[in-house]
Amino acid sequence: KKMIRLLLIITCLINIQGCAVNSVHDDNFYNKDRENQLIPSIWKMTGRITIKHDDEALNARIKWHQEGDKFICIISGSFGRTLATIEGTGTEITTIKGRENISDIERIINMDVLISDLRYWLLGQPNPASPHKYLILDQNHHEFIQNKWQIHINEFQTRNSYILPKNIQLTNSQFNLRLFIDNWQL
């Protein structure tokens with residue numbers, strides 16, 4: 001039952017329709033080199049995800065494969081069993097495959113979808129097409145607000161000369177999501 005709830009929460013997070021945060025970019029505080037770092041159009045990451053909602057905390061493994069505008073996200077349980085595979089483009093989810101309660105997941109998909117930010121957040125950057133405001137920006141961590149989410153990159157790692165997140169925390173009024181990224185492939 002916890003795994004079904006995890007799948008529903010992850011799907012909700014991916015499907016959340018955010019409202020733009022009105023902000024003014026402060027060029028003295030804003031690191032254009034970091035944000036404009038060119039990441040290859042094809043990349044993969046694997047890691048662990050923890051989601052806290054109300055008094056519950058759920059853990060799973062996550063694999064994300066980005067190829068241009070298309071993505072595949074695979075959520076696995078503690079023993080490696082695939083719980084859900086979510087596929088989509090930069091603006092919509094096209095497919096969700098799950099082993100249990102697929103009708104509940106499909107019902108959630110019918111909500112308005114805004115997933116265009118997530119691929120940038122995984123890379124430790126705000127979506128350049130959407131307003132955002134930096135709260136903290138230094139060598140060791142970044143924190144910014146975008147579309148009612150606060151994104152805090154607590155730790156970075158270097159892969160093939162790219163500086164990429166190792167530990168990301170995403171929070172809004174309902175959810176606290178932590179990603180611990182174990183491996184990047186560029």
Side-chain angles (χ1 to χ4, degrees), residues 1-18 21 31 34-35 37 39 43-66 71-86 88 93 96 98 105 108 111 113-127 130 132-159 162-186:
K1 184 167 175 152
K2 277 190 171 186
M3 286 302 158
I4 293 169
R5 185 167 169 93
L6 169 68
L7 289 175
L8 293 174
I9 290 172
I10 290 170
T11 304
C12 286
L13 289 172
I14 292 175
N15 282 305
I16 289 174
Q17 173 71 39
V21 175
N31 184 343
R34 168 74 184 119
E35 190 168 315
Q37 173 180 276
I39 301 293
W43 54 269
K44 296 179 186 180
M45 76 82 163
T46 57
R48 296 160 282 138
I49 187 170
T50 299
I51 300 171
K52 291 182 182 178
H53 177 65
D54 295 330
D55 293 334
E56 289 191 65
L58 303 167
N59 298 300
R61 305 265 323 143
I62 183 170
K63 293 180 184 178
W64 188 283
H65 177 110
Q66 188 77 39
F71 75 88
I72 298 173
C73 176
I74 300 170
I75 308 296
S76 303
S78 56
F79 295 109
R81 184 178 122 205
T82 299
L83 301 173
T85 301
I86 305 166
I93 292 175
I96 290 187
I105 295 171
I108 292 170
M111 298 167 28
V113 175
L114 178 66
I115 58 165
S116 56
D117 295 334
L118 192 55
R119 84 180 209 196
Y120 293 98
W121 296 351
L122 290 174
L123 296 169
Q125 303 174 358
N127 181 347
S130 183
H132 57 277
K133 180 179 180 181
Y134 276 103
L135 303 174
I136 299 172
L137 184 63
D138 64 32
Q139 264 187 320
N140 300 318
H141 63 280
H142 293 177
E143 188 170 352
F144 57 91
I145 295 173
Q146 190 166 43
N147 293 328
K148 294 190 177 182
W149 284 88
Q150 187 164 340
I151 298 86
H152 190 120
I153 296 93
N154 299 310
E155 188 177 353
F156 288 95
Q157 56 189 319
T158 302
R159 292 289 186 266
Y162 294 100
I163 300 169
L164 299 162
K166 184 172 185 164
N167 182 333
I168 304 172
Q169 184 173 4
L170 308 170
T171 55
N172 72 4
S173 61
Q174 296 178 8
F175 297 99
N176 183 353
L177 177 117
R178 291 190 73 112
L179 285 158
F180 303 94
I181 301 170
D182 298 321
N183 188 33
W184 283 98
Q185 294 178 357
L186 303 174

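Side chains are part of it too, since the values below use all heavy atoms of this structure and drop only hydrogens, waters and symmetry mates.
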Nearest heavy-atom pair of [X] and [Y]: which atoms, and what distance?
X      : Y      : answer
Asn154 : Arg178 : ND2-NH2, 3.5 Å
Gly124 : Phe144 : O-CE2, 4.2 Å
His65  : Lys44  : ND1-CE, 2.8 Å
Arg159 : Leu164 : CB-CD1, 4.1 Å
Ser76  : Leu83  : C-CD1, 3.9 Å
Trp121 : Ile168 : O-CD1, 3.5 Å

Which distance, rounded to the nearest 0.5 Å, do you find between the [atom1] of [X] and the [atom2] of [Y]?
X      : Y      : atom1 : atom2 : answer
His132 : Gln125 : NE2   : CD    : 9.5 Å
Thr50  : Asn59  : OG1   : CG    : 4.0 Å
Arg61  : Phe79  : CZ    : CZ    : 13.5 Å
Gln66  : Ile72  : CD    : CD1   : 10.0 Å
Leu170 : Gln146 : CG    : CD    : 11.0 Å
Asn172 : Asn147 : CG    : CG    : 11.0 Å

Student check: side-chain heavy atoms of [X] and [Y] closer than 4.5 Å:
X      : Y      : value
Ile86  : Phe71  : yes
Ile151 : Ile153 : yes
Phe175 : Trp149 : yes
Tyr120 : Ser130 : no
Leu179 : Ile62  : yes
Leu177 : Ile49  : yes
Trp43  : Leu123 : yes
Leu122 : Trp64  : yes

Inset, instruction - Using atom types as modelled and distance alone, determine if a side-chain donor or acceptor of Trp184 lies under 3.5 Å from a backbone N or O of Pro165. - result: yes
Legend entry - Partners passing ring-ring contact (aromatic ring centres under 6.0 Å, His included) against His141 (at least two apart in sequence or in another chain): His152
Legend entry - Candidate pair Thr46 and Asp182, rule side-chain hydrogen bond (donor to acceptor under 3.5 Å, both in side chains), full reasoning: CA-CA 6 Å; Thr46 57; Asp182 298 321; 5.5 Å; no
Inset, instruction - Would you tell me whether Asn176 and Gln169 have side-chain atoms, one donor and one acceptor, within less than 3.5 Å of each other? - result: yes
